[in-house]
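Report on the structure given below.
Below, all heavy atoms of this structure are taken into account, side chains as well, without hydrogens, waters or symmetry copies.
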Amino acid sequence: IFLVLIVIGVIGSMGKSGSSTSTSQSGTGSKQEEAKPIAKVGETVQDGDIAFTVTDVTTATSLGNQYTKKDAQGLFYVISLKIENKAKETKTIDSSMITLTDSQGRTFDRSIDGQTAKGMAQGKVDLFLQQVQPGLNVNGDIVFDIPKDATGLKLSVKGGYFGKGQQIDLGK
């Protein structure tokens, strides 16, 4: 047990020294990042081995058909994405990899109700728990239900649980 605690302490101290180094580096790096424009719709960003491209953004007050119709609590944002796997092994897309933020700092997860209504009515690919083979891509939609007055929308994407993440300005 004592040996395990020592190993954990060593690993933890390496993380602290790495984070203080990255903090000091990000001090100069964040000025460069602030000057660097955020990607826009149609531009590709890459985080780790996964590349993301927003190909379209539409809105709707309801989704589905006569059997699956679901009304938004606010407004549905339907974001069409192309996700490319640039790794040498299969990757699985998970819901924690994609979120939406607004100018007030609010973070939104995908709308399961909206996603299900749209998917069942139109047969669109649900991107979550979708496997992407090496060198291939998958196209699909992700649905968010957000307040009608939300502005400054940015899609946050991560190539995995430990990815640093990238943002795409939706221009809304």
Side-chain angles (χ1 to χ4, degrees), residues 23 26-27 29-86 91-132 136-172:
T23 302
S26 68
S30 59
K31 288 180 185 175
Q32 291 173 349
E33 287 175 21
E34 288 173 16
K36 177 183 163 189
I38 292 176
K40 304 214 179 301
V41 174
E43 298 177 351
T44 300
V45 296
Q46 187 168 334
D47 188 50
D49 293 326
I50 305 291
F52 301 86
T53 307
V54 172
T55 58
D56 193 24
V57 180
T58 58
T59 59
T61 56
S62 65
L63 292 172
N65 59 25
Q66 62 188 8
Y67 305 108
T68 65
K69 183 178 178 184
K70 181 66 179 172
D71 292 326
Q73 294 174 350
L75 187 63
F76 284 126
Y77 269 77
V78 180
I79 302 169
S80 299
L81 279 172
K82 176 182 176 184
I83 302 174
E84 301 173 81
N85 181 358
K86 299 190 180 269
K91 298 287 185 176
T92 301
I93 307 304
D94 181 87
S95 61
S96 65
M97 296 170 69
I98 304 170
T99 57
L100 187 66
T101 58
D102 70 1
S103 60
Q104 295 181 38
R106 298 179 290 190
T107 301
F108 305 94
D109 291 329
R110 77 177 179 130
S111 168
I112 295 171
D113 289 342
Q115 192 84 45
T116 302
K118 181 174 183 16
M120 290 179 71
Q122 298 175 347
K124 293 285 187 172
V125 172
D126 187 349
L127 293 174
F128 298 103
L129 298 180
Q130 178 79 26
Q131 287 188 330
V132 185
L136 299 178
N137 63 66
V138 65
N139 294 291
D141 296 332
I142 179 169
V143 178
F144 294 92
D145 189 352
I146 64 172
K148 290 180 180 178
D149 65 347
T151 59
L153 300 177
K154 291 181 179 62
L155 192 69
S156 298
V157 294
K158 292 174 83 174
Y161 293 111
F162 303 108
K164 67 177 184 171
Q166 297 287 336
Q167 286 193 328
I168 301 170
D169 185 347
L170 299 181
K172 306 275 182 185

Would you find more than 12 non-hydrogen atoms of other residues, nucleotides or ligands less than 6.0 Å from L136 atom CG? yes
G160 and M97 have their tightest heavy-atom pair at N-CE, 3.9 Å
I'd like to check the side chain to side chain donor-acceptor pair (under 3.5 Å) partners of K158; sequence neighbours left out, ordered by chain and number. none
About how many Å separate CG of D169 and CD1 of I38, when rounded to the nearest 0.5 Å? 6.5 Å
Go through the steps for L170 and L100 under the test side chain to side chain contact (heavy atoms under 4.5 Å, CB included), then give the verdict. CA-CA 10 Å; L170 299 181; L100 187 66; 3.5 Å; yes
Identify, with sequence neighbours excluded, every residue that meets salt bridge (charged side-chain N to carboxylate O under 4.0 Å, His left out) alongside D56. none
Is there any side chain to side chain donor-acceptor pair (under 3.5 Å) pair reaching into residues 60-74, and which pairs are they, with sequence neighbours excluded? N65-T68
With sequence neighbours left out, the residues meeting side chain to side chain contact (heavy atoms under 4.5 Å, CB included) with V78 are T58, L63, K118, D141, V143
Minimum heavy-atom distance between A72 and A60, given as atom pair plus value: CB-O, 4.4 Å
Would you check, one step at a time, whether the test side chain to side chain contact (heavy atoms under 4.5 Å, CB included) holds for L81 with T55? CA-CA 6 Å; L81 279 172; T55 58; over 6 Å; no
Can you give me every donor-acceptor pair (side chain of residues 41-49, partner residue at least two apart or in another chain, under 3.5 Å) with its distance?
unit_1 : atom_1 : unit_2 : atom_2 : d
E43    : OE1    : K40    : N      : 3.0
T44    : OG1    : T53    : OG1    : 2.6
Q46    : NE2    : G48    : O      : 2.9
D47    : OD1    : K164   : N      : 3.4
D47    : OD1    : G165   : N      : 3.1
D47    : OD2    : G159   : N      : 2.8
D47    : OD2    : G165   : N      : 3.3

At their closest point, which heavy atom of Q167 faces which heavy atom of S156, and how far apart are they? NE2-OG, 3.4 Å
Closest contact, heavy atoms only, F108 versus F144: O-CE2, 3.3 Å
Side chain to side chain donor-acceptor pair (under 3.5 Å) contacts touching residues 99-108 (sequence neighbours left out): D102-R106, S103-T151
Option from D145, T116, I142, I146 for which side chain to side chain contact (heavy atoms under 4.5 Å, CB included) with S111 holds: D145
Test V132 against I50 for side chain to side chain contact (heavy atoms under 4.5 Å, CB included), laying out the working first. CA-CA 9 Å; V132 185; I50 305 291; 5.8 Å; no
Reported NZ-to-OG1 distance for the pair K148 and T59, which is rounded to 0.5 angstrom: 10.5 Å
